[in-house]
Amino acid sequence: MLVSAKEMLTKAKAGKYAVGQFNINNLEWTKAILLTAQEQNSPVILGVSEGAGKYMCGFKTVADMVKAMIDDLGITVPVALHLDHGSYEGAKKCIEAGFSSVMFDGSHYPIEENIEKTKELVATCDSLGLSLEAEVGSIGGEEDGVVGAGECADPEECKMIADLGITMLAAGIGNIHGKYPANWAGLSFDTLDAIQQLTGDMPLVLHGGTGIPADMISKAISLGVSKINVNTECQLSFAEATRKYIEEGKDLQGKGFDPRKLLAPGVEAIKATVKEKMELFGSVGKA
Ligand code: 13P
């Protein structure tokens with residue numbers, strides 16, 4: 001069932017667990033994540049970056065594929081199809097293409113401009129029943145060639161954006177995309193605590209879920225995080241399983257070169273990673 005992320009995140013915040021956003025790159029990724037969500041009876045958010053959207057031949061192709069897959073696979077758990085780190089124009093395109101949720105990442109704009117653009121999108125999303133994620137304080141690391149420094153958001157600015165009527169708020173708390181460096185200082189729970197004090201019931205979003213230790217994930221959830229984004233970890237699992245298949249020479253045995261066989265171990269690896277995260281985030285059985 002394709003739905004906005006509002007209800008699933010409101011429930012998650014109240015129930016002190018988090019819903020995973022898993023980024024998709026192609027048909028196999030999407031199928032693996034949807035099947036795992038159904039098997040685990042968990043709500044799920046499919047994330048699509050602008051780069052991944054382009055790779056998959058545009059947002060309409062993605063939206064149509066996801067809707068058809070939900071139908072054909074008989075997926076009954078709540079699924080949100082969400083633009084990840086969208087530009088203002090990208091958000092508009094996804095809304096037109098049939099996404100049920102968008103993120104507008106205005107964190108690189110001065111706060112006044114971030115507020116202005118976010119406000120316009122709140123009006124559009126509200127009228128269509130879509131969920132909207134906004135961001136304050138850029139997330140570090142590299143994503144689609146954009147490198148952020150891993151700031152800690154200003155809690156007062158978070159409150160200003162939260163008060164605009166958005167559905168969920170991503171705030172930088174020292175998290176970064178991709179693998180964490182050995183000298184990473186960890187998440188700033190003081191910042192997260194201060195943000196939650198000011199934003200109350202607003203579901204908070206933790207980006208850069210790959211490689212955050214389990215105890216930090218639990219603490220972040222206890223301080224109001226209700227959506228956790230994971231991308232790189234599925235990519236690493238897929239690559240490792242595919243490498244193993246080829247290194248073992250399995251593509252050279254029989255019809256092992258058939259893409260349906262060659263990609264199967266990678267798909268199983270994504271499923272295992274998604275299941276592990278759903279268990280860690282506490283969303284299993286919460287559909
Ligand atoms: P990772 O690639 O570090 O898991 O981050 C994903 C993310 O935050 C997508 O917005």
Side-chain angles (χ1 to χ4, degrees), residues 5 9 18-26 29-30 32-33 36 44-56 59 62 80-87 90-91 94 99 101-108 131-153 166-182 184-187 192 203-214 216-217 220-221 225-240 269-270 272-278 280-281 283:
L9 293 182
V19 178
Q21 172 192 305
F22 302 97
N23 287 53
I24 58 172
N25 294 288
N26 58 20
W29 239 262
T30 313
I33 296 164
T36 310
V44 74
I45 299 171
L46 301 176
V48 181
S49 68
E50 295 207 5
K54 210 172 186 179
Y55 175 80
M56 289 185 274
F59 298 129
V62 178
L81 175 60
H82 179 72
L83 171 66
D84 190 26
H85 292 286
S87 61
C94 285
F99 277 46
S101 186
V102 292
M103 173 182 189
F104 166 61
D105 180 357
S107 62
H108 50 286
S131 42
L132 174 66
E133 176 176 343
E135 178 171 325
V136 178
S138 78
I139 314 294
E142 193 201 317
E143 196 168 61
D144 281 347
V146 181
V147 181
E151 300 166 8
C152 278
I166 58 168
T167 318
M168 61 276 212
L169 176 73
I173 54 167
N175 42 330
I176 62 170
H177 292 123
K179 290 182 185 175
Y180 284 86
W184 178 50
L187 298 175
L192 181 57
L204 301 174
V205 184
L206 180 63
H207 281 248
T210 296
I212 298 180
M216 284 195 203
I217 293 284
I221 293 173
V225 163
S226 346
K227 170 175 180 278
I228 302 177
N229 293 5
V230 177
N231 181 20
T232 307
E233 207 154 322
C234 288
Q235 299 184 353
L236 291 168
S237 312
F238 177 86
E240 190 188 334
I270 295 171
T273 298
V274 171
K275 176 173 183 279
E276 187 190 308
K277 295 297 170 191
M278 285 176 166
L280 177 60
F281 301 165
S283 70

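One-based numbering, in listed order, for ligands and for the atoms of each. Treat the numbers as computed from the prediction; the structure is a model and nothing was measured. One is the number of the first residue; the rest follow in order along the sequence.
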I want to check something: taking the side chain as every heavy atom from C-beta on, are Val205 and Gln21 in contact at a cut-off of under 4.5 Å? no

Under 4.0 Å between heavy atoms, the region of Asp84 that gets near ligand 1 turns out to be side chain

So, His207 and Asn229: side-chain donor and acceptor under 3.5 Å apart, yes or no? yes

Please confirm whether Gly209 approaches ligand 1 to less than 4.0 Å, judged on its heavy atoms. yes

Should you measure from each heavy atom of Val230, which atoms of ligand 1 turn up under 4.0 Å away? 4 (O)

Hey, can you tell me if Phe238 and Trp29 have their rings parallel, tilted or perpendicular (30° and 60° cut-offs)? tilted

What are the atoms of ligand 1, with element, lying closer than 4.0 Å to any heavy atom of Thr232? 1 (P), 2 (O), 3 (O), 4 (O)

Numbering as shown, the atoms of ligand 1 that approach His207 to under 4.0 Å (heavy-atom distance): 8 (O), 10 (O)

Out of all atoms in ligand 1, which are within 4.0 Å of some heavy atom of His85? Include the element for each. 10 (O)

I want to confirm something. Looking only at heavy atoms, which of Asn23, Asp105, Thr210 is nearest to atom 4 (O) of ligand 1? Thr210

Among Thr232, Thr210, Ile139, whose side chain to side chain contact (heavy atoms under 4.5 Å, CB included) with His177 holds? Ile139

Can you sort out which atoms of ligand 1 are near Gly178, meaning under 4.0 Å from one of its heavy atoms? 1 (P), 2 (O), 3 (O)

Within a strict 4.5 Å, meaning less than it, do heavy atoms of the Ile45 and Lys227 side chains meet? yes

Counting only heavy atoms, which portion of Glu233 has something under 4.0 Å from ligand 1: side chain, backbone, both, or neither? neither

Taking atom types as modelled and ignoring hydrogens, do the side chains of Ser131 and Thr167 form a donor-acceptor contact shorter than 3.5 angstrom? no

Working note: Leu187 + Leu192, criterion side-chain contact (heavy atoms from CB on, under 4.5 Å); need CA distance, chi angles, decisive distance, verdict. CA-CA 9 Å; Leu187 298 175; Leu192 181 57; over 6 Å; no

